[in-house]
Structures are given as structure tokens and as C-alpha cells.
S.K.: 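Here it is: the structure, laid out below.
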Amino acid sequence: MSQSTITVTVKLFAAYQEAYGVSELILELPQDTPVSAVCDRLIVEHPELTKWRDITRFGINLIFVEPDSLLQDGDEVVLIPPVSGG
């Protein structure tokens, strides 16, 4: 019995974009994956992002959501670490 998967587009900003060198990723994830798992996956691939885990905000389809919000096939995910500048 195979588990269903979903495909999401992840828009990267600030430290996430710097780590990957691109502005977006397409990820295939298991169905019923919470949005926080996207962050966890990126941190596994780029451990230097660990310091941003607890202060990153999540968005799905242009709406801020809680970390435990479940993703749906075709969602657009944003990971927004704190930014500074002037």
C-alpha cells in the first residue's frame, strides 16, 4: 500500500534563499504533512538554517498559518524568517 504524495511550491526569502541560491523549490511530500515539516526538511539539507527554525513564520497561499497547518496538493508555501534593514 503506497502513501499518497502532494507537490507544493516553496517560496524562499532571506536566509532560506541565500542557503539555496534560488527563490523557489518544488517539493514532493507525503499527504497530511504540516507546513512546519517543510522548514524541517530544508534544515536537514542546510543545517546552518537551524537558528531560524523557532522564529520563522509560515504562509500557505498568501495567508499566515500555524506551524501545524496541513498542506494540500498544489499549495504555495512561504517561509518568512525575521528580516532587518533600513
Side-chain angles (χ1 to χ4, degrees):
M1 182 179 209
S2 66
Q3 185 176 20
S4 296
T5 60
I6 59 170
T7 302
V8 299
T9 301
V10 182
K11 301 288 187 176
L12 303 176
F13 297 96
Y16 294 98
Q17 189 177 82
E18 290 172 21
Y20 276 86
V22 296
S23 61
E24 80 176 38
L25 301 169
I26 306 295
L27 298 180
E28 191 171 289
L29 303 164
Q31 194 169 3
D32 298 325
T33 295
V35 69
S36 61
V38 172
C39 186
D40 294 341
R41 178 167 167 178
L42 300 188
I43 289 169
V44 166
E45 294 175 2
H46 288 273
E48 70 273 19
L49 296 171
T50 300
K51 65 183 174 183
W52 304 110
R53 174 181 287 160
D54 295 334
I55 52 177
T56 294
R57 292 194 64 194
F58 302 99
I60 300 174
N61 301 327
L62 303 177
I63 299 171
F64 283 113
V65 298
E66 294 300 316
D68 61 352
S69 298
L70 297 180
L71 295 168
Q72 302 294 317
D73 190 49
D75 279 347
E76 180 179 272
V77 175
V78 294
L79 303 179
I80 305 172
V83 294
S84 64

S.K.: Distance from Leu29 atom CG to Ser4 atom OG, nearest 0.5 Å?
M.R.: 13.0 Å

S.K.: Test side chain to side chain contact (heavy atoms under 4.5 Å, CB included) on Asp68 and Ser36 and set out the steps.
M.R.: CA-CA 6 Å; Asp68 61 352; Ser36 61; 6.0 Å; no

S.K.: Side chains of Glu76 and Leu62, heavy atoms from C-beta outward: is any pair under 4.5 Å?
M.R.: yes

S.K.: What's the spacing between Phe13 CZ and Glu24 CD if we round to 0.5 Å?
M.R.: 9.5 Å

S.K.: Hydrophobic clusters here meaning ILVMFWY residues chained together by side-chain heavy-atom distances under 4.5 Å, can you tell me if Leu42 and Val22 are in one?
M.R.: yes

S.K.: Got Tyr16 and Cys39 here, is their nearest side-chain heavy-atom distance under 4.5 Å?
M.R.: yes

S.K.: Rounded to the nearest 0.5 Å, what's the gap from CG on Leu49 to CG on Asp40? Could you check?
M.R.: 11.5 Å

S.K.: Taking atom NZ of Lys11 and atom CG of Leu25, what is their separation to the nearest 0.5 Å?
M.R.: 10.5 Å

S.K.: So do Val38 and Leu79 actually touch side chain to side chain, heavy atoms under 4.5 Å?
M.R.: yes

S.K.: Would you mind reporting whether Val10 and Val8 have side-chain heavy atoms less than 4.5 Å apart?
M.R.: yes

S.K.: Taking the side chain as everything from C-beta on, heavy atoms only, tell me whether Val78 gets closer than 4.5 Å to Phe58.
M.R.: no

S.K.: Closest heavy-atom contact between Val65 and Ser69?
M.R.: CB-OG, 3.4 Å

S.K.: What closest approach, in Å, do Pro67 and Pro34 show between heavy atoms, and which atom pair accounts for it?
M.R.: O-CB, 3.7 Å

S.K.: Taking side-chain contact (heavy atoms from CB on, under 4.5 Å) as the test, write out the residues that go with Gln17, two or more places apart.
M.R.: Leu12, Ser23

S.K.: Distance from Ile43 atom CD1 to Thr56 atom OG1, nearest 0.5 Å?
M.R.: 7.0 Å

S.K.: Treating Asp73 as the side-chain partner and Thr7 as the backbone partner, does any N or O pair qualify as donor plus acceptor under 3.5 Å?
M.R.: yes

S.K.: So, taking the atom named CG in Asp75 and the one named CG in Leu70, what distance separates them when rounded to the nearest 0.5 Å?
M.R.: 10.0 Å

S.K.: In terms of hydrophobic clustering (I, L, V, M, F, W, Y; side-chain heavy atoms under 4.5 Å; direct or indirect links), are Ile55 and Val35 co-clustered?
M.R.: yes

S.K.: Who pairs with Glu45 by salt bridge (charged side-chain N to carboxylate O under 4.0 Å, His left out), at least two apart in sequence or on another chain?
M.R.: Arg41

